[in-house]
Amino acid sequence: MNKCCLITGGDRGLGKAISTLFAQNGYDIIINYVKEEELANQLTNELVEKYHIKALAIKADISNEEQVKNMFNIIKENFSQLDVVVNNAAISNDSFLLDKDAEDFEKVYKVNLVGAFLICKYSKNLLADNSSIINITSTNGIDTNYTYSADYDASKAALISLTNNLAVELAPKVRVNAIAAGWMETDATKDLSEDFKEKEEEKILLNRFAKPLEVAEVVLFVASEKASYINKSIIRVDGGTYAK
């Protein structure tokens with residue numbers, strides 16, 4: 001029986017890279033998405049056809065507890081257990097810090113933090129022994145802060161705290177770790193000005209943004225038996241970013 005991996009926001013960007021890489025390695029795949037139904041279904045069909053695994057796309061706003069409950073009811077009907085859960089879904093709402101209001105913070109927090117909490121809560125009874133939860137956080141939650149994304153940065157810092165607490169709560173059955181990613185070449189960064197991108201690349205020792213696959217490879221490793229003694233860890237994947 002194949003192992004099974006749930007990826008939130010698994011239909012595009014880093015999520016798509018993770019979904020594809022795990023399928024390549026023989027995992028059955030559950031792709032959570034919230035908007036692009038055609039895109040998500042197209043990806044699941046491609047994964048089934050190319051890698052001969054089982055794949056299912058499920059629409060759910062992870063910040064909505066009822067929708068999360070419904071998603072897990074569907075998962076239970078189709079899969080016997082979960083071996084890996086990747087909390088990848090996230091949103092941002094960039095604007096000047098003091099122009100933000102409570103609604104801005106609440107919306108970002110509900111997806112990036114509460115959503116991850118709900119996924120973990122409802123995964124608990126499906127998680128297999130020696131399973132793995134991996135939270136995709138950001139170096140923004142550690143030390144590469146941007147005032148216009150203060151709500152995003154705060155949510156990612158809180159996700160690190162949630163990771164640490166979940167690792168304690170779920171040990172020794174489940175390992176819980178976080179990947180603190182830096183800049184990546186995704187739809188979220190494709191419209192950045194060349195001037196801004198060049199300045200950001202100058203802060204990275206490798207002088208470039210990551211390809212999503214480079215981060216996905218770390219996720220796969222952390223989920224694998226090769227990382228069986230890695231737990232309650234925050235792993236930076238940022239090309240060596242430093243303040244400048």
Side-chain angles (χ1 to χ4, degrees), residues 7-19 31-40 58-68 71 85-121 134-163 178-201 203-204 209-210 212 215-216 219 234 236-238 241 243:
I7 307 102
T8 65
D11 58 329
R12 60 198 308 166
L14 175 59
K16 180 179 180 180
I18 294 169
S19 298
I31 293 173
N32 157 257
Y33 70 97
V34 71
K35 290 182 180 178
E36 302 288 346
E37 182 173 4
E38 184 177 350
L39 192 68
I58 306 175
K59 182 177 182 178
D61 176 355
I62 62 169
S63 68
N64 183 304
E65 188 163 10
E66 285 304 313
Q67 291 189 32
V68 172
M71 178 172 74
V85 172
V86 183
N87 281 306
N88 168 72
I91 63 170
S92 60
N93 184 18
D94 293 348
S95 60
F96 290 113
L97 173 55
L98 297 182
D99 288 342
K100 295 178 184 292
D101 55 30
E103 185 177 354
D104 295 329
F105 270 81
E106 288 171 1
K107 184 176 181 180
V108 171
Y109 253 72
K110 278 187 174 181
V111 174
N112 299 1
L113 180 64
V114 178
F117 161 73
L118 290 173
I119 293 297
C120 293
K121 175 180 178 178
I134 301 170
N135 295 323
I136 306 300
T137 182
S138 170
T139 56
N140 286 43
I142 303 173
D143 57 13
T144 58
N145 311 106
Y146 297 86
T147 59
Y148 51 81
S149 62
D151 40 4
Y152 175 87
D153 297 357
S155 72
K156 291 300 187 178
L159 185 57
I160 289 172
S161 178
L162 180 65
T163 298
I179 305 298
W183 286 112
M184 280 181 281
E185 294 177 354
T186 65
D187 288 345
T189 60
K190 69 179 182 180
D191 294 327
L192 294 175
S193 71
E194 286 303 314
D195 181 61
F196 178 83
K197 187 175 179 180
E198 287 176 7
K199 288 179 180 178
E200 291 303 304
E201 287 175 339
K203 301 176 185 176
I204 303 170
F209 288 8
V215 180
V219 176
I234 314 303
R236 293 184 75 122
V237 186
D238 65 352
T241 302

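The basis for the numbers below is simple: all heavy atoms, side chains too, and nothing from hydrogens, waters or symmetry mates. Every value quoted in this text rests on a predicted model; they were computed, and no experiment measured them.
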Enquirer: Anything under 30° is parallel, anything over 60° is perpendicular, the rest tilted; go ahead and classify Y146 against W183.
Expert: perpendicular

Enquirer: Taking only Lys NZ, Arg NE, NH1 and NH2, and the carboxylate oxygens of Asp or Glu, determine whether D187 and R12 approach each other closer than 4.0 Å.
Expert: yes

Enquirer: I'd like to know if the side chain of S149 and the backbone of Y152 have a donor-acceptor N/O pair within less than 3.5 Å.
Expert: no

Enquirer: Donor-acceptor pair, Y109 side chain versus A154 backbone, under 3.5 Å?
Expert: yes

Enquirer: What's the verdict on side-chain contact (heavy atoms from CB on, under 4.5 Å) for I119 and M71, showing C-alpha distance, side-chain angles and the deciding distance?
Expert: CA-CA 10 Å; I119 293 297; M71 178 172 74; 3.5 Å; yes

Enquirer: Quick one: are K59 and Q67 in side-chain contact, heavy atoms under 4.5 Å?
Expert: no

Enquirer: How long is the span from the CG atom in D101 to the NZ atom in K107, to the nearest 0.5 Å?
Expert: 11.0 Å

Enquirer: Pairing donors with acceptors under 3.5 angstrom, does anything connect the side chains of D61 and S63?
Expert: yes

Enquirer: With side chains defined as the heavy atoms from C-beta onward, is the minimum distance between I62 and L118 less than 4.5 Å?
Expert: no

Enquirer: Answer yes or no: is there a side-chain heavy-atom contact under 4.5 Å between F209 and D238?
Expert: no

Enquirer: Give the minimum heavy-atom separation between T8 and N88, together with the two atoms involved.
Expert: OG1-N, 2.9 Å

Enquirer: Provide the closest heavy-atom pair for R236 versus T241 in the form atom of the first, atom of the second, distance.
Expert: NH2-O, 4.2 Å

Enquirer: For A89 versus G9, what's the shortest heavy-atom pair and its separation?
Expert: CB-N, 3.8 Å

Enquirer: Report the distance from atom NZ of K156 to atom CG of D151, rounding to the nearest 0.5 Å.
Expert: 12.0 Å

Enquirer: List the steps and the verdict of side-chain contact (heavy atoms from CB on, under 4.5 Å) for L113 and L162.
Expert: CA-CA 8 Å; L113 180 64; L162 180 65; 4.1 Å; yes

Enquirer: Shortest non-hydrogen contact from A90 to V111?
Expert: CA-CG1, 4.1 Å

Enquirer: Indicate whether the side chain of N112 and that of S155 have a donor and an acceptor atom separated by less than 3.5 Å.
Expert: yes

Enquirer: Specify the closest pair of heavy atoms between T137 and A180, including all atoms of both residues, with the distance to one decimal.
Expert: CG2-CA, 3.7 Å

Enquirer: Could E194 and K197 be called an ion pair, given the rule that one side-chain N must be under 4.0 Å from one carboxylate O?
Expert: no

Enquirer: A side-chain contact here means heavy atoms from C-beta on lying under 4.5 Å apart; do I142 and I234 qualify?
Expert: yes

Enquirer: Starting from the C-alpha separation in whole Å, work towards a yes-or-no answer on side-chain contact (heavy atoms from CB on, under 4.5 Å) for I31 and I58.
Expert: CA-CA 6 Å; I31 293 173; I58 306 175; over 6 Å; no

Enquirer: Of the non-hydrogen atoms in A17 and P212, which two are nearest, and what is the gap between them?
Expert: CB-CB, 3.8 Å

Enquirer: Going through the distances and angles, do N32 and I7 end up as a side-chain contact (heavy atoms from CB on, under 4.5 Å)?
Expert: CA-CA 6 Å; N32 157 257; I7 307 102; over 6 Å; no

Enquirer: What's the spacing between D94 CG and S92 OG if we round to 0.5 Å?
Expert: 4.5 Å

Enquirer: So how far is it from E36 CD to E38 CD, rounded to the nearest 0.5 Å?
Expert: 8.5 Å

Enquirer: Is the closest side-chain heavy-atom distance between D11 and S19 below 4.5 Å?
Expert: no

Enquirer: Measure the CG-CD1 distance between N135 and I179 for me, rounded to the nearest 0.5 Å.
Expert: 9.5 Å

Enquirer: Just wondering, do N87 and C120 contact through their side chains at under 4.5 Å, heavy atoms?
Expert: yes

Enquirer: Would you say F96 has more than 12 foreign heavy atoms packed within less than 6.0 Å of its CZ?
Expert: no

Enquirer: What do you reckon, is NZ of K100 surrounded by more than 12 foreign heavy atoms closer than 6.0 Å?
Expert: yes

Enquirer: Looking at NZ of K110 and CD of E65, how far apart are the two atoms once the value is rounded to the nearest 0.5 Å?
Expert: 11.5 Å

Enquirer: Are the side chains of T189 and M184 in touch, meaning some heavy atoms are under 4.5 Å apart?
Expert: no

